[in-house]
Amino acid sequence: MPYGISLKCLNVTASPILELWDEAAAFEEAASMRALNYPPHLTLALYQEIDLDQLAEALDRVFRTLPAVTLSFSSIGHFENEFLVLWARPNKGEQLFQLHAQLHREIDPTHCHEHYRPGNWVPHCTIATKIPMAKSQAAIGWANRNRMRFPVTFDAADCVRFPPVEILREIRLPAQ
């Protein structure tokens, strides 16, 4: 089972992301993000195997004194795998890259999935994960036409095991 460390949004500023989830789900056979039963999030690290104490300790050291993180979004990107994945792109991710680097100073990045390692990681808030290739051009067209601009305040960090998503430890981040 994989493990992850994420920033997540537990407040009303998640609404624009939830709207995008619902719109993008029209390209999927079933709504992939709603099926997670997990809020909008940015995954900072992903591990196939890891010591759970080490995971929780890293989460504590990086996030225990951190205030909530507000990011603005204004475009949608995509990854092509077996399915097309759509995601909201945060603007000016310098704070995210600093958090990412700090986390990877706590846990050797060689233990992390290669796409989440420093130098490879693309900050993103996933909005759909299972768009069949037959619908990919229509989905990319929709993404390119979407001009939503909105801020999201990520007010919690956690470490999880999945699937299904099981929260192992959560830290609430206070408002600034």
Side-chain angles (χ1 to χ4, degrees), residues 1-10 14 17-18 20-21 24-25 28-69 71 73 76-90 93-133 136 152-173:
M1 275 191 160
Y3 300 87
I5 293 181
S6 298
L7 278 173
K8 63 185 180 180
C9 179
L10 300 175
I17 296 289
L18 297 173
L20 289 173
W21 282 8
E28 299 178 296
E29 298 298 319
S32 61
M33 295 309 291
R34 292 281 186 185
L36 288 178
N37 196 29
Y38 186 70
H41 60 282
L42 292 149
T43 301
L44 300 169
L46 189 62
Y47 306 95
Q48 193 58 43
E49 293 181 20
I50 192 162
D51 177 83
L52 297 184
D53 289 336
Q54 182 183 21
L55 192 69
E57 288 167 9
L59 182 80
D60 283 343
R61 284 193 295 271
V62 173
F63 294 100
R64 75 172 153 238
T65 61
L66 189 74
V69 176
L71 300 170
F73 293 83
I76 297 173
H78 66 277
F79 300 128
E80 291 187 27
N81 296 312
E82 178 183 348
F83 293 96
L84 183 74
V85 175
L86 294 178
W87 47 275
R89 180 181 287 116
E94 188 57 37
Q95 184 180 16
L96 278 178
F97 282 107
Q98 290 171 2
L99 282 171
H100 185 257
Q102 187 177 352
L103 179 60
H104 287 287
R105 283 191 295 273
E106 296 292 333
I107 300 175
D108 183 346
T110 61
H111 299 293
C112 189
H113 185 285
E114 65 181 315
H115 293 152
Y116 290 84
R117 292 179 188 167
N120 295 341
W121 180 63
V122 175
H124 64 281
C125 184
T126 305
I127 59 175
T129 63
K130 299 222 186 230
I131 298 172
M133 285 303 150
S136 65
V152 176
T153 300
F154 294 88
D155 55 355
D158 66 12
C159 51
V160 300
R161 174 176 29 220
F162 62 95
V165 177
E166 175 190 355
I167 298 168
L168 303 173
R169 181 157 179 78
E170 178 181 270
I171 296 173
R172 297 293 178 112
L173 307 176

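In what follows, every heavy atom counts, from backbone to side chain, and hydrogens, waters and symmetry copies are set aside. Bear in mind the structure is a predicted one, so any value in this text is a computation, not a measurement.
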- line: Looking only at heavy atoms, the pair that brings W121 and T43 closest together is NE1-O, 3.0 Å
- request: Taking atom types as modelled, find out whether T153 and D155 have a side-chain donor-acceptor pair closer than 3.5 angstrom.
  value: no
- prompt: Measuring from T65:OG1 to D60:CG, what's the distance to the nearest 0.5 Å?
  reply: 10.5 Å
query: Which value, rounded to the nearest 0.5 Å, describes the distance between L173 atom CG and F63 atom CZ?
result: 7.0 Å
N81 atom CG, neighbour heavy-atom count above 12 within 6.0 Å: yes
message: Looking at every heavy atom in both M133 and E82, which two are closest together, and how far apart are they?
response: CE-O, 3.8 Å
message: Closer than 3.5 angstrom, by distance alone: can the side chain of E106 be matched with the main-chain N or O of L59 as a donor-acceptor pair?
response: no
- prompt: Between the main-chain N or O of V122 and the side-chain N or O of H115, is there a donor-acceptor pair closer than 3.5 Å?
  reply: no
message: As a quick check of understanding, evaluate side chain to side chain contact (heavy atoms under 4.5 Å, CB included) for L42 and V69, giving each step before the final call.
response: CA-CA 11 Å; L42 292 149; V69 176; over 6 Å; no
message: Please give me the minimum heavy-atom distance between Y38 and K8, naming the atom from each residue.
response: OH-CD, 3.7 Å
message: Determine whether a donor-acceptor pair (N or O, by modelled atom type, separation under 3.5 Å) exists between the side chain of D158 and the backbone of V160.
response: no
task: Give a yes or no answer on whether the side chain of R64 reaches the backbone of I171 with a donor-acceptor pair at less than 3.5 Å.
output: no
query: Given R172 and L10, is the side chain to side chain contact (heavy atoms under 4.5 Å, CB included) satisfied, shown in steps?
result: CA-CA 9 Å; R172 297 293 178 112; L10 300 175; 3.4 Å; yes
Side-chain (W87) to main-chain (T129) donor-acceptor, under 3.5 angstrom: no
query: Which class fits the ring pair F97 and H100: parallel under 30°, tilted 30 to 60°, perpendicular over 60°?
result: perpendicular
query: For the ring pair F79 and H124, is the centre-to-centre distance below 6.0 Å?
result: yes
- prompt: Hey, is the main chain of A31 close enough, under 3.5 Å, to the side chain of W21 for a donor-acceptor pair?
  reply: no
task: May I ask you to decide whether E166 forms a salt bridge with R161, counting only side-chain N to carboxylate O separations under 4.0 Å?
output: yes
